Amino acid sequence: MGAHLLEELIGALIYVLPAYVANGAPVVLVRAIGKARPLDLGRNFLDGRRILGDGKTFEGLGGGLLSGTLTGLVVSLLLPGTFRSALEPLALSSGAMLGDVLGSFAKRRIGIARGGPLPVVDQVGFLAAALLLTWSLFGPKEWSDAVTPLLFLVTALLHLGTNAGAYLLGLKERWY
Ligand code: CTP
Ligand code: MG
């Protein structure tokens, strides 16, 4: 990989940091507070299965949005010019949480229980939704064609790596 491409990839990783934090914070946060209320209020969908399941909560959603947006604020102070608008980190965080919720909705509809795996969607669904929402509001980020696919690849590997780490630390029940 060329030095320039690596530099662009690092820039892209910093840019999506609000989405990463929004996606990861609920796990730690909900564990810390103990009990959290499910977004679907415990209700079932037309198919008789939970709409979203117990893994999507108000506390997780609020905490994810807040911590992702605050992360964006810190990034903006350290590296001005990373975001085109002060609202961009909020869009990245909202998109990440929306993608996560949509992923759970889809998993429940195809019969995968809360916490069960849906490869690809589990690892990079939040990033796809974060970029789709943010780029439809602020326009796509200008970087080389290779950066976006690389960003997805690195995100998938980081997601698997941090999950395995959380499992080894006893924070998660499953390694994936
Ligand atoms: N979480 C939450 N609220 C959210 C997102 C995540 O409370 N909006 C917390 C839950 O404790 C959840 C954990 O973060 O168990 C990990 O998130 P995730 O892997 O997305 O949920 P799963 O439990 O795997 O459930 P699902 O199968 O629906 O993805
Ligand atoms: Mg999961």
Side-chain angles (χ1 to χ4, degrees), residues 12-13 15-75 87-137 151-176:
L13 285 165
Y15 170 74
V16 300
L17 206 57
Y20 276 23
V21 172
N23 189 248
V27 191
V28 184
L29 196 109
V30 168
R31 244 194 110 84
I33 58 177
K35 210 178 141 46
R37 289 155 297 170
L39 277 173
D40 66 7
L41 306 172
R43 292 195 190 127
N44 291 340
F45 195 62
L46 304 164
D47 55 12
R49 297 190 176 106
R50 284 287 293 276
I51 303 174
L52 300 173
D54 287 332
K56 303 292 112 111
T57 68
F58 285 99
E59 289 79 358
L61 177 67
L65 287 176
L66 197 68
S67 51
T69 304
L70 285 176
T71 299
L73 195 70
V74 174
V75 170
L87 290 176
E88 206 167 353
L90 176 62
L92 285 162
S93 306
S94 307
M97 299 315 283
L98 192 67
D100 187 46
V101 163
L102 288 174
S104 292
F105 181 78
K107 282 165 76 173
R108 297 307 89 82
R109 301 293 68 76
I110 55 179
I112 301 170
R114 178 249 174 117
L118 183 56
V120 184
V121 168
D122 279 341
Q123 285 78 38
V124 297
F126 79 95
L127 181 65
L131 293 182
L132 272 171
L133 179 71
T134 307
W135 291 0
S136 62
L137 291 172
L151 182 61
F152 275 88
L153 183 68
V154 170
T155 301
L157 296 176
L158 277 174
H159 198 280
L160 290 169
T162 51
N163 263 16
Y167 169 78
L168 290 176
L169 288 171
L171 286 169
K172 285 204 82 166
E173 317 277 302
R174 300 158 210 250
W175 66 267
Y176 50 82

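These numbers come from a predicted model, not from an experiment. For ligands, and for the atoms within them, numbers begin at 1 and follow the listed sequence.
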So between [options], whose heavy atom ends up nearest [atom]?
atom                    : options            : result
atom 4 (C) of ligand 1  : G64, A113, G55     : G55
atom 28 (O) of ligand 1 : G24, S104, A106    : S104
atom 11 (O) of ligand 1 : L65, N23, V30, L29 : V30

Original post:
Is the closest basic N to carboxylate O distance between D47 and R108 below 4.0 Å?
Top reply: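 No, D47 and R108 are not salt-bridged.
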Original post:
Does G115, backbone or side chain, put an N or O under 3.5 Å from an N or O of ligand 1?
Top reply: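 By distance alone, the answer is yes.
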Which atoms of ligand 1 are found less than 4.0 Å from any heavy atom of [X]?
X    : value
D100 : 5 (C), 20 (O)
L61  : 8 (N)
R114 : 11 (O), 12 (C), 15 (O), 23 (O), 25 (O), 27 (O)
K107 : 26 (P), 27 (O), 29 (O)
T57  : 2 (C), 3 (N), 4 (C), 7 (O), 8 (N)

Original post:
What class does the angle between the rings of H159 and F126 fall in, given that below 30° is parallel, 30 to 60° is tilted and above 60° is perpendicular?
Top reply: tilted
Subject >> Which segment of R108 sits under 4.0 Å of ligand 1 when only heavy atoms are counted >> reply: side chain
